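A short write-up of the structure that comes next.
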2 protein chains.
Amino acid sequence: MLHQSDQLDLMFQALADPGRRLMVERLSKGPASVSQLAEPLDMSLSAVVQHLQVLEASGLVRTEKVGRVRTCTIEPKTLGQAEKWIADRRTQWERRLDRLGEYLAGQSDKPTR
Amino acid sequence: MLHQSDQLDLMFQALADPGRRLMVERLSKGPASVSQLAEPLDMSLSAVVQHLQVLEASGLVRTEKVGRVRTCTIEPKTLGQAEKWIADRRTQWERRLDRLGEYLAGQSDKPTR
DNA sequence: GCTATACTGAAGCAATCGCTTCACTATCTG
DNA sequence: CAGATAGTGAAGCGATTGCTTCAGTATAGC
């Protein structure tokens with residue numbers, strides 16, 4: 001079983017590369033073959049396949065081979081997990097700021113008693 | 001000037017480490033000193049400082065030194081940028097699925113004419 | 001069956017990462 | 001001033017990354 005934290009490691013690591021992000025951007029427009037993913041990238045096909053393996057291991061992309069072409073699809077659920085982690089931290093911070101604001105407002109309503 | 005893509009590289013790279021994520025989680029609850037950030041982590045203070053530099057370079061954390069203690073704060077705006085990139089990809093994919101669904105529904109309304 | 005296509009796998013290699021230790025510098029506190 | 005505290009900086013080192021090339025396999029189309 002894969003721990004939640006390890007999963008996040010793999011996801012963020014996968015997204016930390018501009019080439020891999022480009023692949024994800026391409027896939028968010030619809031499924032694509034390996035060669036289609038490789039086309040805009042200035043590197044060997046082997047390198048692209050290695051990037052693809054990183055994306056697949058992270059769960060961000062699912063692939064299936066039919067005949068000689070491997071078709072790649074985005075996995076929005078996994079993308080959603082990364083999104084949620086970030087959103088949780090951000091909203092936690094913002095709620096803290098709100099509470100702090102209320103506290104300060106309370107202080108100015110009731111000044112040095 | 002820092003390109004948008006480079007910025008995302010640094011952010012996702014920064015978030016790809018469990019120790020650094022723990023620091024961000026801690027900071028989302030409120031500002032902290034370097035030693036406070038280090039406390040739950042099983043590594044030298046030097047290592048923590050290095051992680052902190054990664055977080056700072058990514059723009060996710062801002063720090064300020066007063067006297068001998070450096071206080072670290074989260075930067076929710078940067079966090080929001082990473083969140084937005086993910087959300088954009090996910091919703092783009094989901095809109096595509098919706099359009100596909102409508103198309104298929106249209107097909108079944110008007111079957112093999 | 002022959003050739004082109006679409007990958008696949010392994011080895012190798014330079015660059016970067018995530019630490020460590022050790023030595024050092026400020027800044028409080030009594 | 002003497003010590004304790006909080007962090008800084010550099011060197012070093014093994015592991016991981018991001019490629020490359022080269023050699024191979026499995027389909028597809030003629």
Side-chain angles (χ1 to χ4, degrees), chain A residues 2-3 5-27 30-74, chain B residues 2-3 5-27 30-74:
Chain A
L2 211 53
H3 192 288
S5 173
D6 301 340
Q7 172 86 332
L8 284 171
D9 277 18
L10 293 174
M11 279 191 288
F12 285 128
Q13 186 61 49
L15 291 177
D17 180 275
R20 283 192 296 255
R21 275 202 310 281
L22 206 72
M23 296 193 210
V24 170
E25 285 177 12
R26 168 62 189 79
L27 290 177
S33 73
V34 176
S35 335
Q36 282 172 337
L37 285 182
E39 196 258 344
L41 298 171
D42 189 23
M43 63 178 79
S44 74
L45 190 62
S46 261
V48 173
V49 171
Q50 287 170 56
H51 280 303
L52 191 55
Q53 283 164 356
V54 173
L55 286 170
E56 213 177 346
S58 76
L60 285 168
V61 166
R62 204 162 24 82
T63 80
E64 193 195 0
K65 191 159 185 175
V66 174
R68 65 183 166 177
V69 5
R70 176 172 300 278
T71 302
C72 312
T73 323
I74 231 183
Chain B
L2 211 51
H3 192 287
S5 172
D6 301 340
Q7 171 84 332
L8 285 171
D9 278 17
L10 294 174
M11 280 192 288
F12 285 127
Q13 186 61 52
L15 293 176
D17 181 275
R20 285 193 295 256
R21 274 203 310 282
L22 205 74
M23 296 193 211
V24 170
E25 284 177 13
R26 168 62 189 80
L27 289 176
S33 73
V34 176
S35 334
Q36 283 173 336
L37 285 182
E39 196 258 343
L41 298 170
D42 188 24
M43 62 178 78
S44 74
L45 190 61
S46 262
V48 173
V49 171
Q50 287 169 56
H51 280 303
L52 191 54
Q53 282 164 357
V54 173
L55 286 170
E56 213 175 348
S58 77
L60 285 167
V61 166
R62 204 162 23 82
T63 80
E64 194 194 1
K65 191 160 184 175
V66 174
R68 66 183 164 175
V69 11
R70 177 172 299 278
T71 303
C72 311
T73 324
I74 230 183

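In what follows, chains carry the letters A, B, and so on, assigned in the order in which the sequence lines appear, proteins first and then strands, with residues in each chain numbered from 1. Keep in mind that the numbers below use all heavy atoms, side chains included, and drop hydrogens, waters and symmetry copies. For clarity, every value in this text was computed on a predicted model and none was experimentally measured.
- A donor-acceptor pair is defined here as one N or O able to donate and one able to accept, closer than 3.5 Å; no such pair exists between the side chain of B:Arg26 and the backbone of B:Leu37.
- Defined by atom type and a distance below 3.5 Å, a donor-acceptor pair is present between the side-chain atoms of B:Arg70 and B:Thr63.
- In terms of heavy atoms, B:Leu41 sits closest to B:Met23 at CD1-CE, 3.6 Å.
- Using modelled atom types, one side-chain atom of B:Arg20 and one backbone atom of B:Ala14 make a donor-acceptor pair closer than 3.5 Å.
- The minimum heavy-atom distance between B:Cys72 and B:Leu27, with the atom names listed, is O-CD2, 3.4 Å.
- Regarding A:Glu39, its CD atom lies at a distance of 13 Å from the P atom of C:dC7, rounded to whole Å.
- The stretch residues 14-22 of chain B does not touch DNA chain D, since none of its heavy atoms comes less than 4.0 Å from the strand.
- Taken residue by residue, residues 41-55 of chain A places heavy atoms nearer than 4.0 Å to DNA chain D at A:Met43, A:Ser44, A:Ser46, A:Ala47, A:Gln50, A:His51.
- Contact between the side-chain N/O atoms of B:Lys65 and the OP1/OP2 oxygens of C:dA26 is not found at any separation under 4.0 Å.
- Listed here is the closest heavy atom pair of B:Ser33 and B:Val69: CB-CG2, 4.0 Å.
- Distance, B:Asp9 CG to D:dG18 C1': 13 Å, rounded to whole Å.
- One finds a side-chain N or O of A:Arg70 lying less than 4.0 angstrom from the OP1 or OP2 phosphate oxygen of C:dT8.
- Not one N or O on the side chain of B:Glu39 forms a donor-acceptor pair closer than 3.5 Å with the backbone of B:Gln36.
- Rounded to a whole Å, the CZ atom of A:Arg68 is 11 Å from the P atom of D:dT27.
- Judged by distance alone, with hydrogens and angles left aside, the side-chain atoms of A:Arg21 form a donor-acceptor pair with the main-chain N or O of A:Leu15 at under 3.5 Å.
- The nearest whole Å value for the distance from the CD atom in B:Glu64 to the P atom in D:dT8 is 13 Å.
- Side-chain nitrogen and oxygen atoms of A:Ser33 include at least one within less than 4.0 Å of the OP1 or OP2 phosphate oxygen of C:dC7.
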